[in-house]
Each structure stands twice: as C-alpha cells, then as structure tokens.
Amino acid sequence: MGEQSGTKIVIVGGGFAGVACAKLLANEARAQVTLIDRNGYQQFQPLLYQVATAELAGKDIAFDHTEVFRGQSSVTPVKADAVAVDLDRRSVTLADKTTISGDYVVLAAGAQPNFFHTKGASEFAFPLYNLTDARHVRERILQLYADANAKPELVDDGALTFVVVGGGPTGVEISGALSDLVHDVMPHRYPHLAVAGTRIILVDVGHTLLAPFTDESHAYAAKQLQRRGVELRLGTAVTEVARDHVVLRDGSTIQTHLVIWGGGEMAAEIAGDAGIGQGRGGRIDVRPDLSVPGHPNVFVVGDIANISYGDEGALPQLGSVAQQSGTWAAKNILGDIDGTGREPFHYRDKGIMAMIGRKAAVAELGPHRHELHGRLAFAAWLGVHAELLSNAGAEVRAFVAWAEDFYLRPHHRSAELLDPSRVELPKIHWGQSTPKAPGST
Ligand SMILES: Cc1cc2nc3c(=O)[nH]c(=O)nc-3n(C[C@H](O)[C@H](O)[C@H](O)COP(=O)(O)OP(=O)(O)OC[C@H]3O[C@@H](n4cnc5c(N)ncnc54)[C@H](O)[C@@H]3O)c2cc1C
C-alpha cells in the first residue's frame with residue numbers, strides 16, 4: 001500500500017456511518033478518502049418528522065459534505081450515485097460510468113423503505129425515510145388543509161384523515177408530531193375548519209406500539225397517542241393503498257388522501273447488486289471486524305449491514321450503531337496500515353428512545369434498559385441526539401435550545417413553512433457554516 005500517496009479508501013454513502021468513518025480518517029495523512037453520496041449531504045433522520053410537520057426546514061437537518069470536510073484535504077466528497085461495487089477489484093462504478101478504485105471499500109449506503117409488496121403502497125403511500133420524503137409529506141398535509149379550507153365538503157371524503165402505517169418509532173413519532181400540528185397550529189391557521197374533522201389513525205399488524213421496548217413503554221406510548229386523539233388500529237395490516245383510501249386486513253376501508261409509510265425498511269439497493277451474502281431485510285452479513293467474508297478489504301457499516309451481536313441477534317438500525325460501526329471500520333483500516341491489527345466491533349449501547357410529541361417521550365437506557373418516561377426520557381433523547389448531531393457538524397447549543405423550547409411549549413410555525421405554494425426557506429441553521437442548498441432532493 002502506497003504510504004506516500006496514502007492508502008485509498010472509497011466510502012459509499014455519507015450518512016451517519018460513512019461520515020463517521022471519513023471523519024476518523026480525515027486527519028490521517030496516510031489516508032486518501034473518497035466519500036461518494038448521491039445527495040452530497042448528510043440528512044439527520046431522527047428529525048425528519050419535524051420537517052414533515054413544518055416545524056423545521058429541510059436545510060436545518062442537511063449537512064453539506066463539502067462544508068463538513070472543508071480544509072481536510074484527505075477527504076474528497078463526490079456527489080454521485082454509485083451503481084455497482086466490484087468486491088475483487090475494490091472499485092465502485094458511478095452512474096456516469098466513472099470507476100473509482102481503492103485499497104479499501106466501505107459500504108455505508110443505509111436503507112430504504114420496505115413496502116412488503118403491499119398493493120398500491122409504492123405508488124400511493126408516502127414513505128418517511130429521507131429529506132425528499134419529509135418535504136413531500138409536509139407539502140401534502142398543507143395542500144390537503146388548503147383544499148379542505150376552500151371546500152369543506154372534502155373533509156367527509158377523508159381529506160383530513162391521515163393514516164400512519166407502522167407502530168415502530170417512525171410511526172409513533174410522526175403520529176405524535178402530526179397531532180401537535182393538528183391541535184396546536186392548524187386551528188389558528190384555519191379557524192373555520194373544525195379540529196374534530198381531522199383524524200390520525202395508526203395501523204400496525206402487531207398488538208403493541210414500539211415493539212422492542214418494555215410492556216410499560218408500550219402502554220405509555222399508546223396512552224400518550226390516544227390522549228392526543230390518535231386512533232390505534234392494532235392487530236391488523238394495511239393490505240391495499242389507493243389514491244383515496246386504504247383497505248385493512250379486517251375488511252374495513254378508510255377514506256384518506258395521505259398514507260404515511262413507516263412500516264419497515266430494507267437495505268439500500270446497492271446491497272443487492274454487490275453479490276454478497278444478505279441476511280434479514282437484505283442486509284449484508286459481516287464478520288466481527290465488520291468486513292465482508294472473503295473480502296477483508298471491504299467493510300460494510302450502518303443500516304446496510306447485518307451486524308450480529310452476542311445473544312441479541314443483530315444490532316438495530318440506529319444512528320449510534322451506524323456512527324460507531326463507521327468509526328470502527330476506520331480504526332480497523334488504520335490498524336492494517338499501522339500493523340497493529342484489527343479488533344472485533346464492540347457496540348456501546350446507549351439504549352432506545354422515542355419522542356412521542358410535546359411533553360411525551362420514552363427511553364430505555366443502556367444494556368439493562370433503565371426505563372424513563374416524560375421529561376427525563378426527553379433529557380436522555382436530547383443527550384444522545386445532541387451527540388449524534390455534533391458528529392454531523394451541527395451547532396449543538398442551538399439544537400438544545402430549540403429542542404427544549406419545542407418539547408415544553410406549543411410551537412409557532414414560520415409562515416414560509418406553512419405555505420404549500422412557497423419555496424421552503426431556512427428557519428434556523430445548526431450547521432457551523434451555512435450549508436449550500438441540498439441538490440436535487
Ligand atoms: C424517520 C426516521 C427516524 C429515525 N429516528 C432515529 C432516532 O431517533 N435515533 C436513532 O438513533 N436513529 C433513528 N433513525 C435511524 C437512523 O437514522 C439510521 O439508523 C441511520 O441513519 C443509519 O445511518 P447510515 O449511515 O447507515 O445510513 P444513512 O444515514 O441512511 O446514510 C446513507 C447514505 O447513503 C447514500 N446512498 C445510498 N445509496 C447510495 C448510492 N447508491 N450512491 C450514493 N449514495 C448512496 C444516501 O444518500 C445517504 O446519505 C431514524 C430513521 C428514520 C427513517
């Protein structure tokens with residue numbers, strides 16, 4: 001490996017995992033990193049539902065790679081779509097047919113929504129996985145309100161009935177955030193539309209919300225959502241999504257013009273094209289050092305990886321797993337360069353948490369899952385997410401101030417973000433320097 005020009009590392013995906021990997025290598029003169037991402041920015045997914053409900057602008061949660069790595073000459077961000085990976089040659093082909101080869105490849109391309117072949121879902125449901133999705137959800141909500149305000153009879157046709165599919169953290173968090181929007185904000189904007197005309201219905205095939213949490217947390221989440229007027233339809237699946245309704249497995253039909261899909265995810269498309277062994281949800285199975293079996297110089301990290309972990313099976317798809325695995329892959333690459341060797345991945349478990357809406361949060365901390373609800377849970381959520389954001393390049397103090405205010409008080413929304421016909425304007429920036437406008441998405 002050429003020590004002089006630096007070991008070449010090609011990273012596909014600039015989310016939590018890819019950015020963490022590049023950051024550890026950024027100060028290494030011995031490493032030359034190419035960071036490929038189709039957007040050219042990192043999106044902070046834990047706050048997507050705030051963008052979807054007009055609380056934050058998209059730009060608030062997008063961190064431009066060129067800004068994040070400015071002045072770090074060993075990292076070159078490339079905004080491009082990777083379409084193929086050659087494991088033997090350790091090369092990545094881009095959409096324009098350019099090929100970038102390295103001594104190492106790190107696959108960190110994340111996940112995508114899984115519609116589980118539900119009829120009509122990929123066509124009519126609104127997923128909530130990336131910034132584009134969140135903007136589409138927001139525009140749809142605002143347009144439906146504007147339409148219903150102009151023609152109140154549309155309410156009877158389901159114009160203000162919102163169906164959320166999935167009772168995991170995404171479904172629970174977006175239901176809570178939607179309820180805050182519907183109760184705290186929309187009555188001021190549309191005083192002639194009755195709040196009672198709005199319905200939020202959460203559907204999940206399981207019988208509990210937040211399945212990986214304890215029974216107490218299941219009950220807490222259900223109580224908090226019901227208190228906010230969210231109707232729970234548990235133990236039944238959505239079998240069909242159409243333009244103006246959904247059909248449930250129990251035979252019922254719900255008139256709706258917005259179905260938000262938080263029903264599951266699977267590995268990013270490129271996982272299937274790489275010709276590597278795939279496990280649950282199409283994720284790529286990795287060795288304990290996070291490399292691919294038979295390809296020691298190819299690492300797979302974050303949501304796209306199936307990382308086995310002791311008795312717990314596989315690690316969950318979380319920002320902290322992604323960030324730590326990205327950093328770990330970088331350490332193992334440096335271990336190769338230094339000759340100090342590799343270590344098996346060790347995950348520092350911070351627990352699991354969800355913010356259900358204003359004044360409601362749940363957290364189960366650490367490997368022993370100490371359970372917290374309400375304000376203490378929110379404090380835990382804040383700590384973990386402030387750390388994730390600071391690694392993304394954000395100004396943490398501004399985030400903490402916003403989050404505390406958001407949690408405690410009914411929140412004003414800026415007129416720009418509530419107007420479906422206006423171009424989205426930035427409200428606040430946590431980025432240490434003003435990010436460029438995110439590209440096409
Ligand atoms: C709505 C929502 C809420 C969440 N809330 C939380 C939370 O509160 N706490 C928490 O810990 N986790 C949360 N998560 C999970 C967390 O966001 C993920 O675990 C984390 O983003 C995974 O990081 P990653 O780097 O593996 O993938 P990502 O962050 O998804 O990054 C993957 C990157 O790869 C790029 N990419 C993909 N394919 C290609 C390609 N072919 N070519 C070029 N670029 C490509 C994408 O543009 C993207 O930037 C949430 C997820 C969602 C969807």
Side-chain angles (χ1 to χ4, degrees), residues 14-16 19-20 22-23 26 37 39-72 77 128 130-131 134-135 138 169 173-174 176-177 180-181 184-185 318-320 322-323 350 353-361 363 374-419 422-439 441:
F16 283 99
V19 166
K23 277 200 160 180
D37 192 285
N39 297 323
Y41 59 83
Q42 177 182 355
Q43 56 205 344
F44 193 76
Q45 283 165 323
L47 293 176
L48 280 179
Y49 58 94
Q50 312 289 11
V51 174
T53 53
E55 167 61 31
L56 292 172
K59 288 173 188 175
D60 294 332
I61 66 160
F63 301 94
D64 194 300
H65 292 141
T66 48
E67 297 296 338
V68 172
F69 293 102
R70 186 177 292 287
Q72 291 171 319
L128 191 57
N130 58 36
L131 209 45
R135 285 174 168 149
R138 188 197 60 183
E173 290 186 329
I174 187 65
D180 287 345
L181 178 74
D184 296 344
V185 180
L318 285 175
S320 44
Q323 209 163 67
K350 306 208 169 149
M353 45 204 75
M355 223 211 309
I356 303 171
R358 195 158 53 77
K359 293 194 173 167
R375 191 153 186 176
L376 285 176
F378 168 69
W381 180 95
L382 193 55
V384 167
H385 289 82
E387 190 186 344
L388 287 171
L389 262 172
S390 85
N391 288 333
E395 179 57 68
V396 168
R397 214 180 294 172
F399 163 68
V400 171
W402 166 81
E404 282 181 346
D405 190 49
F406 168 78
Y407 183 76
L408 290 174
R409 275 173 276 284
H411 233 225
H412 169 75
R413 307 291 209 267
S414 75
E416 288 85 354
L417 291 180
L418 283 175
D419 186 341
R422 284 176 73 165
V423 176
E424 178 186 286
L425 296 174
K427 196 170 77 173
I428 50 171
H429 285 305
W430 297 313
Q432 281 156 356
S433 52
T434 307
K436 285 180 193 150
T441 59

*asked:* Taking the side chain as everything from C-beta on, heavy atoms only, tell me whether H65 gets closer than 4.5 Å to V19.
replied: yes

_Point-to-point distance, once rounded to the nearest 0.5 Å, from CG of L376 to CH2 of W381_ = 15.5 Å

*So, for E173 and A354, which heavy atoms are closest and what is the spacing to 0.1 Å?*
OE2-CA, 3.1 Å

*Give a yes or no on whether the backbone of Y41 and the side-chain of N39 come within a donor-acceptor separation of less than 3.5 Å.*
no

*asked:* Testing F63, Y49, F16 one by one against F44 for a ring-ring contact (aromatic ring centres under 6.0 Å, His included), which residue passes?
replied: F16

*To the nearest 0.5 Å, tell me how far L388 CG sits from F399 CZ.*
9.0 Å

_For S390 against K23, the heavy-atom pair lying closest together_ = O-NZ, 4.2 Å

*Interatomic spacing from OG1 in T66 to CD in Q72 - rounded to 0.5 Å*: 12.0 Å

_One pair to check against side chain to side chain contact (heavy atoms under 4.5 Å, CB included): I174 and L128. What are the steps and the verdict?_
CA-CA 9 Å; I174 187 65; L128 191 57; 4.0 Å; yes

*Using the six-membered ring wherever Trp is involved, compare the ring planes of F406 and W402 and label them parallel, tilted or perpendicular (cut-offs 30° and 60°).*
parallel

*Taking atom CZ of R375 and atom CD of E404, what is their separation to the nearest 0.5 Å?*
7.0 Å

_Shortest non-hydrogen contact from G14 toward Q42_ = O-CB, 3.3 Å

*asked:* Using 0.5 Å steps for rounding, measure from the CG atom of N130 to the CZ atom of R135.
replied: 10.0 Å

*Verify side chain to side chain contact (heavy atoms under 4.5 Å, CB included) between L389 and H385, making sure each step is shown before the conclusion.*
CA-CA 6 Å; L389 262 172; H385 289 82; 5.7 Å; no

*Shortest non-hydrogen contact from Q43 to L131?*
OE1-N, 3.0 Å

*Might you work through the side chain to side chain contact (heavy atoms under 4.5 Å, CB included) test for K350 and E387, ending with a clear yes or no?*
CA-CA 11 Å; K350 306 208 169 149; E387 190 186 344; 2.9 Å; yes

*How far does CD1 of I356 sit from CG of D180, to the nearest 0.5 angstrom?*
11.0 Å

_How close do V51 and I61 get, counting heavy atoms only, and between which atoms?_
CG2-CD1, 3.7 Å

*What's the shortest heavy-atom distance between L408 and R358, and which atoms?*
O-NH1, 4.1 Å

